[in-house]
Amino acid sequence: VSEESTVEARPARLSVTEMTELVLPQHANVLGAVFGGALMAWVDVCGAITAQRHCRRIAVTAAIDELVFHHPIKVGDVVRLTGRVNGAFKTSMEVEVKVEVEERGTMVRQTCVEALLTFVALSDAGKPARVPSLLPENEEDLRRADEAKARREARLARQRKA
Ligand SMILES: CC(C)(COP(=O)(O)OP(=O)(O)OC[C@H]1O[C@@H](n2cnc3c(N)ncnc32)[C@H](O)[C@@H]1OP(=O)(O)O)[C@@H](O)C(=O)NCCC(=O)NCCS
């Protein structure tokens, strides 16, 4: 682990990332709904920007821990992706990306996809580098951090058993 950067804790608010995309025919599957792989690419980009804003370094995707498609998204839909750091550990960060579709007439948003990803910060030498911890600002921040920590501990326990 590179020790070259140890910085103060930062609130998750500062790295929240929003992206808006229009679903075009080239993003569609044979049913005219969005192709899952295209959506996953947007999720990965949104998550990476969020992680990089938090650690202010290059961050690579270590794992897509969870990705659930709740509702189909169609060609012509406008989707909004929101990324947020849930947990910051030694060199890794858990980022949640939510994808919502906007109803054109009303602008009402419906959650279509929820994903959790792990990103690892890299030093200039390309080695895992320390990330700033999260500075919780409210109950929701504390809840998200506790849940991320529990998920990480469960993953590490599974890896120890394997
Ligand atoms: C992610 C990567 C940098 C980790 O390197 P590594 O040598 O395994 O590093 P370490 O074992 O020291 O682990 C570093 C961190 O990654 C985390 N990590 C490693 N593998 C992981 C996995 N499968 N899931 C979640 N986290 C993981 C570790 O828990 C550790 O976190 P911590 O420092 O907060 O405790 C390396 O596996 C890699 O480069 N993978 C390819 C990344 C890539 O190409 N992504 C797609 C393009 S962006």
Side-chain angles (χ1 to χ4, degrees), residues 1-24 26-29 34-70 73 79-100 111-162:
V1 175
S2 165
E3 297 291 344
E4 54 192 77
S5 136
T6 30
V7 280
E8 286 167 31
R10 294 191 178 122
R13 166 178 57 85
L14 295 183
S15 48
V16 166
T17 299
E18 278 190 12
M19 273 169 47
T20 305
E21 299 283 346
L22 173 63
V23 180
L24 295 171
Q26 65 260 35
H27 304 128
N29 65 16
V34 78
F35 168 56
L39 206 91
M40 285 163 76
W42 290 335
V43 166
D44 193 28
V45 168
C46 182
I49 296 169
T50 309
Q52 293 186 170
R53 281 179 172 168
H54 180 70
C55 66
R56 307 200 183 166
R57 290 186 168 281
I58 298 278
V60 289
T61 317
I64 297 179
D65 303 303
E66 196 177 306
L67 192 140
V68 183
F69 293 93
H70 296 294
I73 298 169
V79 293
R80 182 174 74 163
L81 294 94
T82 309
R84 185 186 174 93
V85 180
N86 283 337
F89 306 104
K90 209 161 120 196
T91 67
S92 67
M93 296 150 280
E94 183 194 271
V95 176
E96 179 193 275
V97 178
K98 184 166 78 170
V99 182
E100 297 161 299
T111 301
C112 293
V113 175
E114 285 176 297
L116 293 170
L117 304 93
T118 300
F119 290 90
V120 175
L122 296 184
S123 68
D124 296 343
K127 301 282 180 219
R130 288 260 179 197
V131 297
S133 48
L134 278 174
L135 187 66
E137 295 185 302
N138 50 44
E139 288 296 317
E140 191 193 341
D141 287 351
L142 287 168
R143 176 184 60 76
R144 284 172 176 271
D146 282 350
E147 290 174 0
K149 186 161 169 264
R151 281 188 289 266
R152 169 190 160 88
E153 281 166 5
R155 172 176 58 78
L156 293 173
R158 279 197 304 278
Q159 283 169 342
R160 277 195 295 274
K161 273 197 210 147

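Counting convention: from 1, in listed order, for ligands and their atoms alike. Scope of the values below: all heavy atoms of this structure, side chains included, with no hydrogens, waters or symmetry mates.
Ligand 1 has no atom lying under 4.0 Å from any heavy atom of Lys127. The shell of residues lying under 4.0 angstrom from ligand 1, judged by heavy atoms, includes Arg152.
Inclusion of Thr91 in the set of residues having an N or O under 3.5 Å from an N or O of ligand 1 is warranted.
Close contacts between ligand 1 and Ala63 involve ligand atoms 24 (N) [criterion: under 4.0 Å to a heavy atom]. Near Thr61, the atoms of ligand 1 lying under 4.0 angstrom from a non-hydrogen atom of the residue are 42 (C), 43 (C), 45 (N), 46 (C), 48 (S). Each of the following atoms of ligand 1 lies closer than 4.0 Å to a heavy atom of Pro128: 9 (O).
In this structure, Thr61 contributes its side chain and Ala63 its backbone to no donor-acceptor pair below 3.5 Å. In terms of modelled atom types and a separation under 3.5 Å, the side chain of His54 and the main chain of Pro132 share a donor-acceptor contact. Side-chain atoms of His27 come within 3.5 Å of backbone atoms of Leu24 as a donor-acceptor pair (strictly under, hydrogens ignored).
In Phe35, the CZ atom is not crowded: 12 or fewer heavy atoms of neighbouring residues, nucleotides or ligands sit closer than 6.0 Å.
Both the backbone and the side chain of Ser92 come within 4.0 Å of ligand 1, judged by heavy-atom distances. At a heavy-atom distance under 4.0 Å, only side-chain atoms of Thr118, from C-beta outward, approach ligand 1.
Considering Arg151, Arg144, Arg84 as possible partners of Glu96, the one that fulfils the salt bridge (Lys or Arg N to Asp or Glu O under 4.0 Å) test is Arg144.
Ionic pairing of Glu94 and Arg152 is not present here: no N-O contact between side-chain nitrogen and carboxylate oxygen is shorter than 4.0 angstrom.
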